[in-house]
Structure formats: C-alpha cells, structure tokens
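In what follows, a structure is listed as structure tokens, so that the remarks can point back to it.
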Amino acid sequence: MRAYDVIKLKRDGGVLSEAQIRWFMDAYTRGEVAPEQMSALAMAIFFNGLSAPELGAWTDAMLRSGVVLDLGEVPGIKVDKHSTGGVGDKISLPLAPAVAAWGVPVPMVSGRGLGHTGGTLDKLQSIPGFKVDVTVEHYRRQVHDVGCCLMGQTRELAPADKKLYALRDVTATVDCIPLIASSIMSKKMAEGIDALVLDVKFGSGAFMKERKDALVLASTMRSIGEQLGKKVTAYLTNMEEPLGYTVGNALEVVESLEVLRGGGPPDVVALTVALGAEMLWLGGKARDLAEGALRMRQVLSNGAALEKFRQITRAQHGDVRALDDPSLLPTAPHRHTLTSWADGFIGAMDAEAVGLAAMDLGAGRARAEDNVDPAVGLVLRRKVGEAVKAGDALVEIHHRDGRGLESCLARLRKALVITEVAPVRQPLLAERLGDAAPGAWASHP
C-alpha cells in the first residue's frame, strides 16, 4: 500500500478499508508514514469524517499499536470511568475506591490537566510520595490484590494515540469528534476493562460547549465501545460552574477526602453516587441503579471507601498519613479573599474563566511540559443560586507570593455574575445514554 493512495481516497470522500487503516496506523507508529502524511489524513478526516466501521477499525488499530492489557486473572467484571474534563472535577478520587470497595475491579488509566481543566494524576501527586508512573506488571498486580489502580498512560499503551495527539495539537485537528472519540476509547480499551462509564461534560468549563455536541461525542464513543465488544454507558453532565467548592490540586484532594468521610459538596456527592451506581450495576454488584446508589452512599458513610483509598495510596507509595492529616499536603503560603461588590444572588459562574484564574496562580499548565504548583488554587465560598451581601466572601485565593494574583482577580470578577433575582439552576445530570437499566437515575436538583 501507499500512504498517498489512502490520503487521496479519504480526501475525496471515500471509505477506507480495515486493511488500509491498519496498515497506515502501523506504518505511522513505526515511522514509515511521515508526520506530514498523517497530518494530511487527519485533516481529510476532519472534513469528511469516518463511518462507524471506519471509526471502529481506526480505534482498534490505535489500541493495538501497543500492549492491550489482559486482566483475565482478575476475577469479576472490570469497570472504569472516563471524564472528558472539567473545572473542579475530582470525581475519580472518591469514585474509584468507593466502587472497588464493593468488589468491582477498577483499572483506571488517567491523564494530567491541560489548560483550564484539571487532571486526576496531578491531584493524586499532591499526596506526598504517590506514584502514578507504575509498571504494567504493578498495575495488574494491584488491580488483582487491591481492586483498583490509578495510573498514568505508559509508553506501552496505545503509542499511536500519543504520537497522533501531539500531531493534532499543532495541525488544528484537535476538535474533531471522530479523532477525539477514538483517542479516548483507544486508551480505555487498552486497559483490560469489560465496561466503561463516560462522563461527557458540556457548558462553559467543558471542551464541548454545547449539549448537542456533547451528545454526538457520547454517542460516537458508545458506538465504538459496542463495536469492540464492551458495555458503555454515557452521562451528559453540566459544567457551567465548577464541581464542588475547590479548584486546585491539593485543595481538591482535601475535598475528595471529605466525600470519602461521608460529607463533601452535594454536587460532587451526587455525581459520584450516580456514576458509581452505574459502575456497580455494570459490574454485577447491584440489581438496579437505585440499589447501586444506596450501596455507594453506604461505603461513603461507613468508612469502607476511605479505607480502600488508603490501600490504593499505600500500594502506590503515597503517605497514608496525609489522608487523615491534610496539613501534610502541599499548602500555599498566602490567602486573599475576593468579596462581593453588591447584594443579590450568584446568577452565573463561568467555569472556564474560574479554571483559567486558577491556572494564573500556577494550578494548571498551558503546555504539557509545564510544571504545576499543587498547593495553589481557589476555594469558592458561594455557588450559583446562593444569596450574597456586599462584603461577603466569594472566593478564597490560595497563592504563592502574589504570582498571578492580579490576573486571577480580574478573571474572577468577570466570571461571577451577581443578579437581583435568584437564577433557575440547571440539573447536573442532563441525560443518560445506555442500555435500559432497572431503577431510575435522578439528576441533581
């Protein structure tokens, strides 16, 4: 085969065969297809899309470009969760141990934050000593022995995706749904899972700003999962305001620990319970979603989920003492409080602007190679719909020697809208896409 012929066929709106896709992806991974040729094909896909069979073959070729993990020796149905990213999205930290506490193995390969969205790995590495770069063998053993491992992507898993993602980033082909969906699913399918729950976000703080676009992405990923023989459920969730009250890595760990102790913000708890109920049902540990939700609340309140998180932390060399003593987590040396400039209600909160404000402080990265300060961030003292008076605290800013403070304050003043009338709050969980499940799922009020 020739790369030229494959590119031309897709450029002209043709349909690629499975053999063509597998050859092209394999040759690109080995360096026989040049980056400019993959760039041309990615742009052709951007404009002409991929049919369902093409997309299934494309994803399968990416995941088989490296090691496809076999967790057959781990008893039970292996279930993971993936979020498309948001501001204050700390859900994996309480969710994974809570589900694993009921005996559902959770093999979770997570990512780092980029731009205004935070990353699970950055939060975990706020815990002193916590190691996310573990070997594949360690991953297998920990999932078997502990029931859950929270690790970063290794070189062995879907190397074609890592190579292609870097190329898409510089060729204006990042925002292409077939390429987004195949990128996510190739990594997830390589983990050795049997089922997957997707948290696909929409709104100001999400990659997909419009609900209709999030729906297309969710449907596309579900279709890929079905073609590859996996059970996939997707939830569309609202990201118009940050999740919880904290934005910033160590701060979000503290809030996650509150959830694992039976407390925490209502929205974080609601989403943790909803996604966990789905994972328990898919994993065969709940008869329906209602029982799954009840079981999630049980392990969050009785200490079982927190104990499972201790086991995970210990297995990944983290300092378990920090889970009970937050003073052992990184702490910013300075605080500054933004106060309300009027009486009224928090009418809106631009989640993306809040994420960028935290980034100004050093809590996020603009480029993959940037360092992140785990200690800095924001604590929201009011959320959308809550009443405020002039002078009330709106946001507590945790900063290091004033770095980015002025730009952070400027963003926050624009991000928070104070209105005379309380707004109508939108539900957190907007829609469920998946096989019919007994028991109702409920949106957060």
Side-chain angles (χ1 to χ4, degrees), residues 68-83 91-110 139-151 184-185 187-200 218 221-235 259-260 269-309 311-312 315 429 431-442:
V68 180
L69 296 176
D70 181 2
L71 297 179
E73 75 279 9
V74 178
I77 301 170
K78 278 69 76 176
V79 188
D80 190 11
K81 182 274 300 184
H82 176 78
S83 166
I91 300 300
S92 292
L93 274 66
L95 174 67
V99 172
W102 277 107
V104 175
V106 182
M108 186 174 283
V109 177
S110 299
Y139 171 82
R140 285 196 187 97
R141 186 172 64 252
Q142 186 174 322
V143 174
H144 182 279
D145 295 345
V146 180
C148 177
C149 185
L150 302 165
M151 67 177 283
I184 293 170
M185 296 300 286
K187 294 191 287 283
K188 288 296 169 183
M189 296 299 102
E191 292 176 347
I193 60 173
D194 302 305
L196 177 66
V197 177
L198 297 166
D199 177 8
V200 183
M221 289 192 288
R222 285 200 68 237
S223 175
I224 292 171
E226 289 172 358
Q227 288 187 69
L228 298 180
K230 309 297 182 182
K231 292 183 178 180
V232 180
T233 299
Y235 282 82
V259 177
L260 286 166
V269 174
L271 188 52
T272 301
V273 168
L275 297 176
E278 194 77 44
M279 293 174 73
L280 291 180
W281 178 65
L282 288 170
K285 296 297 183 179
R287 291 170 296 181
D288 53 37
L289 297 183
E291 182 178 66
L294 178 63
R295 291 191 164 193
M296 284 294 294
R297 292 188 182 278
Q298 285 177 344
V299 292
L300 290 175
S301 62
N302 67 15
L306 179 59
E307 177 54 33
K308 182 59 67 175
F309 192 50
Q311 294 173 19
I312 295 166
L429 279 73
E431 190 171 347
R432 176 186 182 273
L433 289 75
D435 295 339
W441 67 278

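Just so it is clear, the values below take in all heavy atoms, side chains as well, and ignore hydrogens, waters and symmetry mates.
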Between [atom1] on residue [X] and [atom2] on residue [Y], distance to nearest 0.5 Å:
X	Y	atom1	atom2	answer
K231	I193	NZ	CD1	13.0 Å
H144	C149	NE2	SG	14.0 Å
D80	L95	CG	CG	9.0 Å

Check: Step by step, would you call R222 with D435 a side-chain contact (heavy atoms from CB on, under 4.5 Å)?
Finding: CA-CA 10 Å; R222 285 200 68 237; D435 295 339; 3.9 Å; yes
Counting C-beta onward and ignoring hydrogens, is there a side-chain heavy-atom pair between [X] and [Y] closer than 4.5 Å?
X	Y	result
Q142	C148	no
V273	L300	yes
P107	R140	no
L150	I312	yes
V299	K308	no
L433	E431	yes
D288	E291	yes
L429	L271	yes

Checklist line | The single option from K188, K81, M279, M221 passing side chain to side chain contact (heavy atoms under 4.5 Å, CB included) against L196 | finding: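 Going through K188, K81, M279, M221 one by one, the side chain to side chain contact (heavy atoms under 4.5 Å, CB included) with L196 is satisfied by K188 alone.
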Note to self: Which residue is it: V99, V79, L280? I am looking for the one with a side chain to side chain contact (heavy atoms under 4.5 Å, CB included) to K285.
What the structure shows: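 Single side chain to side chain contact (heavy atoms under 4.5 Å, CB included) partner of K285 among V99, V79, L280: L280.
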Notebook entry, point to check: side-chain hydrogen bond (donor to acceptor under 3.5 Å, both in side chains) with D199: which residues, sequence neighbours excluded?
Noted result: K201, T237
Checklist line | W102 versus Q298, closest heavy-atom pair with distance | finding: CZ2-OE1, 3.3 Å
Check: What closest approach, in Å, do L260 and P97 show between heavy atoms, and which atom pair accounts for it?
Finding: CD2-CG, 4.1 Å
Next item on the list: Start with the C-alpha gap between Y139 and E191, add the side-chain angles, then the distance that decides, and say whether side-chain contact (heavy atoms from CB on, under 4.5 Å) holds.
Entry: CA-CA 10 Å; Y139 171 82; E191 292 176 347; 3.6 Å; yes
Next item on the list: With side-chain contact (heavy atoms from CB on, under 4.5 Å) as the test, would you mind laying out the steps for R432 and E278 before giving the verdict?
Entry: CA-CA 10 Å; R432 176 186 182 273; E278 194 77 44; 2.8 Å; yes
Next item on the list: Start with the C-alpha distance between S110 and M151, add both sets of side-chain angles, then the distance that settles side-chain contact (heavy atoms from CB on, under 4.5 Å), and finish with yes or no.
Entry: CA-CA 6 Å; S110 299; M151 67 177 283; over 6 Å; no
Next item on the list: Before accepting this row, confirm whether a basic side-chain N of the pair E226/K230 lies closer than 4.0 Å to the acidic partner's carboxylate O.
Entry: no
Margin query: Taking atom NZ as the centre, does K78 end up with more than 12 heavy-atom neighbours from other residues, nucleotides or ligands that are less than 6.0 angstrom away?
Written below: yes
